[in-house]
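Bear in mind the structure is a predicted one, so any value in this text is a computation, not a measurement. Heads up: numbering here begins at 1 and tracks the sequence.
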Amino acid sequence: MVKPSRSYRVFQGVNGVILTLVVIVTLYPFLNIVARSFSGERQIRAGEVTLWPKGFNLTTYKVVFQDSMFWRNYGNTVFYTVVSTAVAMVLTTCYAYVLSKKNLKGRGVLVGIAVFTMFFTGGLIPHYILVTELGLKNSVWAIALPNAISVFNLLVMKAFFESLPTELEEAAQIDGLSTYGILLRIVLPLSKAVVATMVLFYTVSFWNSWFGAFLYMDRADLMPVTVYLRNLIAGATGGGNAGAGTAELSQVGASIQAVTIVLTALPIVCVYPFVQRYFVSGVMLGAVKG
């Protein structure tokens, strides 16, 4: 076994120090937010909270959890995210697979149309009028369809599909598989890494989205939890609930932002460890090749 040289050991040491600092800088804000969500009002306003809660307090969590509308909106978020991600993955996968065929007539036009939408949009008012005229308001489709295809995700999947050996598809054609059969039985099983990565991207995007629902939903019971928490922040910082006690209002106003960040980020944090092993390989395999 070849002994590492001195310069290589120094390189490893420097890398270790730099990566450790990056981890600390990355984790500190999140740990601080978690600590603030469990801390008392006086300690938060005095800036005494760092990585550990001070004046341990669960008032804000109790206010949120005891509200039945919170759980209704949380269920809406799960439903909207699942449906929207499924729609987005079907459309993105089909579009990317079509664009990966270099012998497709009009391929350049289709790619150009997709890339064009990355830089130019119709604007908010035409967008709102279109969704309204199509009768999509107050439904999951108002969230799922307008954001169904991310061009970035589309181009990554397209590049990945182009990297697959064409001989596999030719052999499947000889065996009698149709185009959809090749996609479902040959291409997708070989694309688990990039598919898992795209699912993660879409899930995070739809989970954190609030403006579309705020714009197209007229009833409180149809809102996702992000809009509920946004309204809770606005109410707490603007004087809050007239029927609530002053001390409780002060505590909610001091910690509501930290609590909302924790509640919205927690599901993604729980899911990410099961998907992250596909993340790097999916993005790298789908990257543009030189």
### Task
Under the side chain to side chain contact (heavy atoms under 4.5 Å, CB included) rule, what do Val23 and Leu19 come out as? Steps first, then yes or no, please.
CA-CA 6 Å; Val23 170; Leu19 292 176; 5.5 Å; no

### Query
Any idea how Phe65 and Phe70 line up, ring-wise: parallel (<30°), tilted (30 to 60°), or perpendicular (>60°)?
tilted

### Message
Could you tell me if the side chain of Tyr80 sits less than 4.5 Å from the side chain of Trp207, heavy atoms only?
### Response
no

### Query
Between the side chains of Thr81 and Thr203, is a donor N or O closer than 3.5 angstrom to an acceptor N or O?
no

#### Entry: Transitive ILVMFWY side-chain link Ile44 to Leu31, under 4.5 Å
no

### Query
Which heavy-atom pair separates Thr59 from Asn57 by the least distance, and what is that distance?
OG1-OD1, 2.5 Å

#### Entry: Residues which pass ring-ring contact (aromatic ring centres under 6.0 Å, His included) with Trp141, listed by chain and number, not counting sequence neighbours
none

### Query
For the side chain of Ser178 and the backbone of Gly181, is there at least one donor-acceptor N/O pair under 3.5 Å apart?
yes

### Query
So does Arg42 pair up with Glu48, basic N to acidic O under 4.0 Å?
yes

#### Entry: Residue pair Ile143 / Phe206: nearest heavy atoms and the distance that separates them
O-CE2, 3.8 Å

### Close side-chain approach of Val227 to Asn73, heavy-atom, < 4.5 Å
no

### Query
Is a side-chain donor-acceptor pair under 3.5 Å present for Tyr202 with Ser150?
no

### Query
Where do His127 and Pro146 come nearest, in terms of heavy atoms and distance?
NE2-CB, 3.3 Å

### Message
Quick one, Val259 and Tyr61 - any side-chain contact, counting heavy atoms below 4.5 Å?
### Response
yes

### Task
Could you check Ile261 against Ser37 for side chain to side chain contact (heavy atoms under 4.5 Å, CB included), going step by step and ending with a plain yes or no?
CA-CA 9 Å; Ile261 292 173; Ser37 71; over 6 Å; no

### Query
Do Tyr74 and Val64 pass the side chain to side chain contact (heavy atoms under 4.5 Å, CB included) test, and can you show the C-alpha distance, the side-chain angles, and the key distance before you say yes or no?
CA-CA 11 Å; Tyr74 216 99; Val64 174; over 6 Å; no

### Joint cluster assignment, Leu134 & Val83, ILVMFWY side-chain distance < 4.5 Å
yes

#### Entry: Pairs touching residues 52-80 that satisfy salt bridge (Lys or Arg N to Asp or Glu O under 4.0 Å), sequence neighbours left out
Arg72-Asp221

### Considering all heavy atoms, the nearest Ser139-Leu136 contact
OG-O, 2.6 Å

### Query
Under a single-linkage definition using a 4.5 Å side-chain heavy-atom cutoff for Ile, Leu, Val, Met, Phe, Trp and Tyr, are Val49 and Ile256 assigned to the same hydrophobic cluster?
no

### Query
Are the side chains of Ile33 and Arg36 in touch, meaning some heavy atoms are under 4.5 Å apart?
yes

### Message
Is the shortest side-chain heavy-atom distance between Ile149 and Thr117 below 4.5 Å?
### Response
no

### Lys158 to Val111 - nearest heavy-atom pair and separation
CE-CG2, 4.2 Å

### Any side-chain heavy-atom pair of Arg230 and Thr260 under 4.5 Å
no

### Pairwise side-chain contact, Met223 with Tyr228, heavy-atom cut-off 4.5 Å (strictly under)
no

### Task
Mark yes or no for whether Asn138, through its side chain, and Leu222, through its backbone, hold a donor-acceptor pair below 3.5 Å.
no

### Task
Determine whether Val131 and Leu145 make a side-chain contact, defined as any pair of heavy atoms from C-beta on separated by less than 4.5 Å.
no

### Summary
Smallest heavy-atom separation, Thr226 atom then Ser209 atom, equals OG1-O, 3.0 Å

### Task
Step through the shown structure and confirm whether more than 12 heavy atoms of other residues, nucleotides or ligands are within 6.0 Å of CZ on Arg107.
yes

### Task
Check whether any side-chain N or O of Ser163 sits under 3.5 Å from a backbone N or O of Phe160 as a donor-acceptor pair, and report yes or no.
yes

### Message
Taking Tyr28's backbone N and O only, do any of them form a donor-acceptor pair with Asn32's side chain (distance below 3.5 Å, no angle check)?
### Response
no

### Task
Determine, step by step, whether Val187 and Ile182 satisfy the side chain to side chain contact (heavy atoms under 4.5 Å, CB included) criterion, reporting the C-alpha distance in whole Å, the side-chain angles of both residues, the deciding distance to 0.1 Å, and the verdict.
CA-CA 6 Å; Val187 175; Ile182 294 173; 4.1 Å; yes

